[in-house]
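Note sheet for the following structure.
One-based numbering, in listed order, for ligands and for the atoms of each. Every value quoted in this text rests on a predicted model; they were computed, and no experiment measured them.
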Amino acid sequence: MKIKMKTPLVEMDGDEMTRILWKEIKKILIEPYVELKTEYYDLGLENRDRTDDEVTKESALAAKKYGVAVKCATITPNLQRMEEYSLKKMWKSPNGTIRRILDGTVFRAPILCKGIRSYVPGWKQPIVLARHAYGDVYSAVDEEVASGEKVYLVREDAAGKVIKKTLVHDFAVSGGVAQAMHNSDDSIASFAHSCFRYALDCNLPVLFATKDTISKQYDGRFKQIFAEVFMQYEKAFEENGLWYLYTLIDDAVARIVRSEGGILWACKNYDGDVMSDMVATAYGSLGMMSSVLVSPDGNYEYEAAHGTVTRHYYKYLKGEETSTNSVATIFAWTGALCKRGELDGIAELCVFAKRLEAACVATIEEGEMTGDLIPLFSREGVTPRKLSSEEFLHAVASRLERA
Ligand code: NAP
Ligand code: MG
């Protein structure tokens with residue numbers, strides 16, 4: 001008997017190799033067990049172009065309506081893609097559009113397997129990294145300044161009357177550069193809510209850090225808003241034996257390296273940009289990094305952290321065999337199905353999702369994996385064997401069948 005669903009999942013299809021894997025994952029690993037109910041949106045580049053990108057907005061609004069979405073990787077067009085697909089326009093990044101509509105925070109977590117060692121041997125549990133994806137240097141204005149000029153920070157009221165004018169620097173001796181950036185209380189508070197909510201979901205303690213000893217007003221505001229928002233979650237954290245620690249960014253980096261993992265690390269925009277690459281690399285392959293966008297009002301969009309794996313797709317088009325890692329995309333499906341199960345009170349759906357995840361991990365731990373993992377794998381008594389994209393899915397299916 002297949003598991004029945006109540007509310008549909010919002011299904012956002014995508015491009016290239018991941019689009020090929022998407023169909024196969026559904027056919028081989030999900031549809032035999034679940035009477036899948038989805039509202040389908042084709043975010044493949046051709047359809048985005050055909051619909052003037054309306055389909056991306058519609059899919060994000062559907063995610064807001066139903067609460068849970070699963071997304072395939074998509075092409076963000078550049079000049080070369082404009083030619084390749086004869087596009088009408090250089091459409092914006094779908095992930096950016098979805099994030100703007102859901103006002104969400106992206107959490108990235110590695111999928112761990114025995115035999116695939118982290119470059120930081122002490123990291124035994126996942127480090128989940130949350131990046132505040134609004135403001136700071138990413139929407140700053142900056143200018144070159146000539147020798148002899150002065151730069152001020154000027155504030156006006158709504159009528160345009162100057163309230164305060166502060167000298168940033170007198171460039172009397174030498175020219176240079178100046179920059180002004182901002183953030184908003186609303187966005188910082190949304191970020192804090194998303195982090196605490198997601199930490200409770202995943203049963204993780206939270207580490208948040210800035211440099212408020214130097215940036216007293218700016219980073220001081222982040223620290224203060226996080227402390228205020230945390231008051232709403234303090235009781236739930238205590239009941240679950242979790243903690244929230246605010247510290248300085250230098251101290252946070254040291255703590256993370258010394259830790260065993262098992263932490264949600266909330267980062268300001270720039271820190272998150274830099275540290276997410278560091279954490280992802282330390283855990284091994286891009287094919288093993290999952291990602292979820294969580295909005296402050298509790299909508300979820302699950303996806304793999306990697307892109308459409310173009311090089312493998314061109315091989316596939318030539319009829320050559322590929323060995324593309326589908327684990328992060330499978331985990332996007334299991335994350336979404338399990339969340340749907342939680343929200344709709346369908347326990348079997350969560351049990352199935354956890355079994356499928358365990359089957360993926362067991363397949364790799366027993367030595368059957370895609371090519372990207374082979375050089376990372378070492379486990380006593382197990383000789384790793386490289387499987388094709390499709391063979392890997394069937395290897396997972398055979399273990400799922402046993403479970
Ligand atoms: P990518 O698709 O992540 O691939 C980069 C390289 O990483 C691949 O060529 C492959 O290396 C390796 N890799 C990534 N995922 C893998 C997997 N599942 N299994 C095995 N190897 C994997 O990034 P990209 O080449 O920079 O971008 C390709 C397209 O994806 C672009 O059009 C970009 O816009 C889009 N993109 C979308 C998203 C998203 O939708 N979230 C994110 C990033 C990029 P080898 O070739 O050496 O095997
Ligand atoms: Mg980065």
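Every protein residue with a heavy atom nearer than 4.0 Å to ligand 1 is included here: Lys71, Ala73, Thr74, Ile75, Thr76, Arg81, Asn95, Leu286, Gly287, Glu303, His306, Gly307, Thr308, Val309, Thr310, Arg311, His312, Thr324, Asn325, Asp372.
In this structure, Val173 and Ser147 approach most closely via the heavy-atom pair O-OG, 3.7 Å.
Between Arg221 and Asp212 there is no salt bridge, since no side-chain nitrogen of the basic residue lies less than 4.0 Å from a carboxylate oxygen of the acidic one. One finds a salt bridge joining Glu366 and Arg399 here, because a Lys/Arg side-chain nitrogen approaches an Asp/Glu carboxylate oxygen to under 4.0 Å.
Trp333 and Trp22 have tilted rings, their planes meeting at an angle from 30° to 60° on a 0 to 90° scale.
Sorted pairs that involve residues 65-95 and meet ring pair (Phe, Tyr, Trp, His ring centres under 6.0 Å), not counting sequence neighbours, are lacking altogether.
Of the possible polar contacts, none joining the Arg131 side chain to the Phe107 backbone as a donor-acceptor pair under 3.5 Å is found.
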